[in-house]
Amino acid sequence: MSEIICNSCGFDNDPVAKYCQKCGSLLTHKKSLNKFMKSLNFGSLAGAGSKGTSVAPIVGIDVDNKNRENESTTNERVSKSYSLEDGSWYCPYCGKKNRQTEFSCGDCLKGKP
C-alpha cells in the first residue's frame with residue numbers, strides 16, 4: 001500500500017493514518033472519499049419535500065451513519081511511528097498533539113503507533 005503525503009507539510013504518512021503524524025493536519029484519502037461518495041444513495045431523495053423544505057438534515061444523517069459503519073469495520077492500525085523533535089507526537093487517528101510521556105492519545109485513547 002502506498003503512503004499518504006500530507007498536503008500541508010509533505011510528510012509521508014502511514015496509509016491507515018487519518019491525520020498527519022508530523023503536523024496534525026487532516027489527510028485526504030482520495031480513494032476512500034470517492035468510495036464513500038459512491039456508496040451514498042441520493043435516489044431516495046428525488047422529489048422529497050416541498051417548496052421551501054430542506055432535505056439537508058436527512059442527507060446529514062445518512063452521511064453520519066456511513067461514517068460510523070466505516071469506522072466500526074476498520075480494524076487497521078498505523079504501523080509507522082513518528083515523534084517531533086521535543087518527543088511529542090500527533091495522533092494519526094484524531095490529530096491531537098500528545099506529550100512525550102503519553103503512550104496513548106488523550107482524546108481518542110488509541111495507543112501510540
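Being a predicted model, the structure only gives us computed values, none of them experimental.
Of all non-hydrogen atoms in Asp14 and Arg77, the two that sit nearest each other are OD1-O, 4.5 Å. Scanning both residues, Gln21 and Lys80, for their nearest heavy atoms gives NE2-O, 2.7 Å. In terms of heavy-atom proximity, Trp89 sits nearest to Pro113 at CZ3-CD, 4.5 Å.
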May I have the list of side-chain donor-acceptor pairs in residues 92-100 shorter than 3.5 Å, sequence neighbours left out?
residue : atom : partner : partner atom : Å
Tyr93   : OH   : Val78   : N            : 2.7
Asn98   : OD1  : Gly106  : N            : 3.0
Asn98   : ND2  : Lys96   : O            : 3.1
Arg99   : NH2  : Glu102  : OE2          : 3.3

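Between the NZ atom of Lys110 and the SG atom of Cys91 there is a distance of 7.5 Å, given to the nearest 0.5 Å.
Residues Asn7 and Ser25 have side chains not in contact (no heavy-atom distance under 4.5 Å, counting atoms from C-beta outward). Using a 4.5 Å heavy-atom threshold, the side chains of Cys20 and Ser8 count as separate.
The other members of the hydrophobic cluster of Leu84, by chain and number, are Phe11, Tyr82, Tyr90 (side-chain heavy atoms under 4.5 Å, ILVMFWY only).
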